[in-house]
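Atoms within each ligand, like the ligands themselves, are counted from 1 in listed order.
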Amino acid sequence: MNEMFLLKLGEVVLKGLNRGAFENRLKSNLARRLRPYGSFNVYIAQSTVYVEPNDDGCDVDGAWDACHTVFGLASICRCRPCEKNTDAILAAAVAYLGDDLSQAASFKVESKRADKRFPLTSIQLSQEIGGRLHEAFPHVAVDVHHPAYTVYVEVREHAAYVHGPAEPGAGGLPTGMGGRAACLLSGGIDSPVAGYMIAKRGVELECVHFFSYPYTSERAREKVLELARLMTRWCGRMTVDVVGFTKIQEAIRDQCPEEYFTIIMRRFMMRIAERIAREHGCKALITGENLGQVASQTMEAMAVTGAVVGLPVFQPLIGMDKEEIVAIARRIGTLETSILPYEDCCTVFTPRHPKTKPVLAEVEAIEAAMDVEGLIADALANTEKVTVRYHDGAR
Ligand code: ATP
Ligand code: MG
């Protein structure tokens, strides 16, 4: 076995009594995510997850990719284990990092001695390995202040490990430790990012999508399911409840003043999403709302929209700029699909002059003339549940 991963725990280390539960969850999430890539031994010690391929049949590159999207990890690195003596450490560094090292302008060695029985201190070990590496690669200068490349040596309980610079992990908390929430998923840029951000806090997701056939096309529905599929790389498998919303939109068009179309439509969405959420054991709703972005996202409009639900509504994008949201969408891999030009039910029957400061009493008076319960029951009866499994979309 000549290559394995060291994954450093993130915020999990701040947990007190329930730290064990967080670690166990992280371990089982990792084991599940690595299963498609072969047999791996996964164990946690000293705030680090060790991932060792059990045989040569493992797809180590595939497993490495998967590690980037597992929540709960601060940083991740590939490394070579070796015996705990300086000759073995030097040989491992030369064989494993020699290519990278010989191309660098300068280098240093940084050591960590977690096993205090090891005879050299960290500084002595760095000096010893650094000196001997410099003999092996005399054209690469030693620079302890601003090295172009750093060789890391970690002396731990069972072995020593050498590696190059670590990469950032996915951060957050292990999926499943924070309960479940329902994400209102449109086909836009914002809602997949909103779902991702709450999922990162250890929350399992269910998605709810409102679909107004024939005003919105089958392809728009497929686009949303593809977005959900892309999100599973981070969030794990989920169910998307695709709610038939046509009758409600037609009722709103026929019975409400035009300037209130959007706000009343959003209130129907929230009511239905809440019922679906409760049915799935979700304890909150998630939306991609963003203060001031559109007329329905003023404080007044959000107060009127939020007034129909009892569950907390999480709006993780509320204070972000579009540019920041787009950068996250690009990084998590949903942007390209989000910008495909299919219509959303929000764009059907859009008022020319939406109310930016709706008054709750006026909205309630308009809705009092509608068969709100009947429409909701009809939409719920017209809901298709689609299970979206983990899929390793383009990275
Ligand atoms: P997005 O980019 O997520 O579509 P948006 O900026 O276009 O957001 P709106 O269209 O006002 O904003 O929608 C606000 C939020 O309402 C969305 O982020 C999403 O959470 C929810 N939403 C809107 N349309 C739908 C839909 N058809 N199905 C499910 N949720 C929706
Ligand atoms: Mg939208």
Below 3.5 angstrom, do we get any N/O pair linking R266 and ligand 1? yes
Step-by-step side chain to side chain contact (heavy atoms under 4.5 Å, CB included) determination, E204 to M177: CA-CA 8 Å; E204 281 178 331; M177 290 311 289; over 6 Å; no
Do E154 and K8 meet the salt-bridge criterion of a basic N to acidic O distance under 4.0 Å? yes
In terms of atom number and element, which parts of ligand 1 are under 4.0 angstrom from non-hydrogen atoms of T287? 20 (O)
Please confirm whether M269 comes within less than 3.5 Å of ligand 1 when only nitrogen or oxygen atoms on both sides are compared. no
Would you mind listing which atoms of ligand 1 come within a distance below 4.0 Å of any non-hydrogen atom of V208? 29 (C)
Do R331 and Y196 have side-chain atoms, one donor and one acceptor, less than 3.5 Å apart? yes
Does the side chain of E289 come under 3.5 Å of the side chain of Q315 through a donor N or O and an acceptor N or O? yes
Could you give me the CA-CA distance, side-chain angles and deciding distance for E11 and L173, then say whether side chain to side chain contact (heavy atoms under 4.5 Å, CB included) is met? CA-CA 7 Å; E11 264 178 63; L173 294 169; 3.9 Å; yes
Less than 4.0 angstrom from a charged side-chain N to a carboxylate O is my criterion; do R80 and E3 meet it? no
Looking only at distance, does P192 have an N or O less than 3.5 Å from an N or O of ligand 1? no
Honestly, for L185 the part within reach of ligand 1 (heavy atoms, under 4.0 Å) is backbone
For ligand 1, is any non-hydrogen atom under 4.0 Å from L184's backbone (N, CA, C, O), its side chain (CB onward), both, or neither? both
Residues R132 and E128 bridged, charged N to O under 4.0 Å: yes
Would you mind listing which atoms of ligand 1 come within a distance below 4.0 Å of any non-hydrogen atom of G288? 17 (C), 18 (O), 20 (O)
How does N290 reach ligand 1, by side chain, by backbone, by both or by neither, if only non-hydrogen atoms under 4.0 Å count? neither
Best match, M265, E289, Q315, Q297: closest heavy atom to atom 12 (O) of ligand 1: Q297
N or O contact, I286 vs ligand 1, cut-off under 3.5 Å: no
Below the 3.5 angstrom mark, is there an N/O of G187, backbone or side chain, next to an N/O of ligand 1? no
For G188, counting its heavy atoms only, list the atoms of ligand 1 lying under 4.0 Å from any of them. 1 (P), 2 (O), 4 (O)
Of all the atoms in ligand 1, which lie at a distance below 4.0 Å from a heavy atom belonging to S191? 1 (P), 3 (O), 18 (O), 19 (C), 20 (O)
Given F245 and F211, is the side chain to side chain contact (heavy atoms under 4.5 Å, CB included) satisfied, shown in steps? CA-CA 5 Å; F245 206 50; F211 175 62; 5.7 Å; no
Centroid separation under 6.0 Å, is that true for the rings of Y161 and Y96? no
For E384, give me all partners under side-chain hydrogen bond (donor to acceptor under 3.5 Å, both in side chains), at least two apart in sequence or on another chain. R221
Please report whether ligand 1 has a polar contact with K322, defined as an N or O pair separated by less than 3.5 Å (distance criterion only). no
